[in-house]
Visitor: 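Submitted below is the structure of interest, expressed as structure tokens.
Treat the numbers as computed from the prediction; the structure is a model and nothing was measured. Residue numbers start from 1 in every chain, and the chains themselves are labelled A, B, ... in the order their sequence lines are given, proteins ahead of strands. Just so it is clear, the values below take in all heavy atoms, side chains as well, and ignore hydrogens, waters and symmetry mates.
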Protein chains: 2
Amino acid sequence: MAAQPRTNSKKERRQENEKLILAAAEKVFSEAGFGGATMQLIADMAGLPKANLHYYFPTKESLYRQVVENIFQFWLQAADVFDDADDPAEGIGAYIDAKMEISRRHPSGSKVWATEVMHRAPVIQDYLETTLMEWTEGRAAIINRWIAEGRMDPVDPDHLLYMLWATTQHYADFSHQIETLNGGKPLDDAQWEAAKASIKRIILKGIGVTE
Amino acid sequence: MAAQPRTNSKKERRQENEKLILAAAEKVFSEAGFGGATMQLIADMAGLPKANLHYYFPTKESLYRQVVENIFQFWLQAADVFDDADDPAEGIGAYIDAKMEISRRHPSGSKVWATEVMHRAPVIQDYLETTLMEWTEGRAAIINRWIAEGRMDPVDPDHLLYMLWATTQHYADFSHQIETLNGGKPLDDAQWEAAKASIKRIILKGIGVTE
DNA sequence: GTCTATAACCTGATAGAC
DNA sequence: GTCTATCAGGTTATAGAC
């Protein structure tokens, strides 16, 4: 047989396969949970024999761990917009937009994250205690500074952050419920914009930065 | 042996055992998911031999179904406060209080519900399409009436309801994360009150019914 | 109605040929 | 590096004694 164009080195091929497996795993874990997911199902979805999964990821748990860690890294990047603005309306508004965009584009990842936390974070407890704790404290400090400067109402920063996380992630984690209540159809572009606008309107007014 | 006081009829005994099993099942399902939960673990937690579980509930799925249906019924009862008030501040405020109380008292149930919805509602899809849909439409109508009467800002009722669900249930579903960020301790009485007050303050002001 | 012992099945993981 | 065949362990569910 004529050799097909092999632009892929071994390293590139490995990265491609790992990416394929991780994408399939995220989907299956999000739909069936860790216990309900099977390596066979992930392999089928990735288009690879089951044994290959164990070649790239020695155990089911190591594969799951990689999925969760990737989600967490991705999740942190949305936080940058918080720091880039020193106006609460702009900072919190942009954070809502960023988190809603993640909920829309990566609902599976959000679901895996939610399940992991609900199961008492068996694999990412250390991240909660270090990275997430530090991130939360830093953002709370920013909010407290805005409050001290009289730019927003004196609300509890922690509970405000929980409200932001809860509200934005709800559109990913409960997407099936929202879809059902929407007549069985996913939210369209206009509905996603309306959702963002509603959330920003209520929260920004609620903390005294608009109107 | 002297007969111990048997105030229990067979029917009462059956109800007691079923209650015991259902409580254990809710806990185990919430902590391990459907796939991760085992009948053995539920039996141990209920203090019964595994075979007895299959006597009361023929299959693991039937037990799980009963758990989810119970949660849903319980969940609906919090909605009553919504109808009993015709003032939005009172109605929505009381609804937030009621849902927060459920999150505090029944975190396991909330987690099972969340997981069930995330897995595309394999056993309660019919409830979503009927009971929940009707409930949501009814409450949206009430909100729209309040808006028409000029008692609150013109916000989208659906997105407001999602925000209420998301925010209140977050304290149950993500209780482990909140606990970790709280220094490893569950929220105490004062912190729960602060959480309720924060949520009510932001949302009620955000929809234009206070201040 | 209750419980022990067992059956039937499925899953994660691996050995070993290619 | 890849894949088929297989093993070892654990799970649901049930048969059958009490």
Visitor: In whole Å, what is the span from the CZ atom of B/F34 to the P atom of C/dC10?
Guide: 15 Å
Visitor: Out of D/dT2, C/dC3, D/dG1, which nucleotide sits closest to the side chain of A/R14?
Guide: D/dG1
Visitor: Heavy atom of residues 54-66 of chain B under 4.0 Å from DNA chain C: which residues?
Guide: B/Y55, B/Y56
Visitor: So which nucleotide from C/dA15, D/dG1, D/dT2 ends up closest to the side chain of A/A51?
Guide: C/dA15
Visitor: Where the side chain of B/T38 is concerned, which of C/dG12, D/dT2, D/dT11 is the nearest nucleotide?
Guide: D/dT11
Visitor: How many Å lie between CD on A/Q40 and P on D/dT4, as a whole number?
Guide: 11 Å
Visitor: D/dT12, C/dT2, D/dG1: which one has an atom nearest the side-chain heavy atoms of A/K10?
Guide: D/dG1
Visitor: Is the count of non-hydrogen atoms from other residues, nucleotides or ligands lying under 6.0 Å from A/R120 atom CZ greater than 12?
Guide: no
Visitor: Could you tell me how far apart A/E18 (CD) and D/dT2 (P) are, to the nearest whole angstrom?
Guide: 11 Å
Visitor: Could you give the distance from OG1 (A/T131) to CH2 (A/W75), rounded to the nearest 0.5 Å?
Guide: 10.5 Å
Visitor: Run the ring pair (Phe, Tyr, Trp, His ring centres under 6.0 Å) test against A/F72 and tell me which residues pass, sequence neighbours left out.
Guide: A/W113, A/Y127
Visitor: Tell me which residues in residues 42-50 of chain B put a heavy atom below 4.0 Å from DNA chain C, sorted by number, or none.
Guide: B/P49
Visitor: So which atom in A/I21 and which in A/A46 form the shortest heavy-atom distance, rounded to 0.1 Å?
Guide: CA-CB, 4.3 Å
Visitor: Start with the C-alpha gap between A/L128 and B/L181, add the side-chain angles, then the distance that decides, and say whether side chain to side chain contact (heavy atoms under 4.5 Å, CB included) holds.
Guide: CA-CA 8 Å; A/L128 294 188; B/L181 294 177; over 6 Å; no
Visitor: Can you label the angle between the B/W192 ring and the B/Y171 ring as parallel, tilted or perpendicular, going by 30° and 60°?
Guide: tilted
Visitor: So, B/K111 versus B/S175: side-chain donor-acceptor pair below 3.5 Å or not?
Guide: yes
Visitor: Would you kindly give the CE-to-P distance between A/M39 and C/dT11, to the nearest whole Å?
Guide: 13 Å
Visitor: Would you say the side chain of A/M39 lies within less than 4.5 Å of the side chain of A/L63, judging by non-hydrogen atoms?
Guide: yes
Visitor: Examine the side chains of B/E129 and B/Q125 and answer whether a donor and an acceptor come within less than 3.5 Å of each other.
Guide: yes
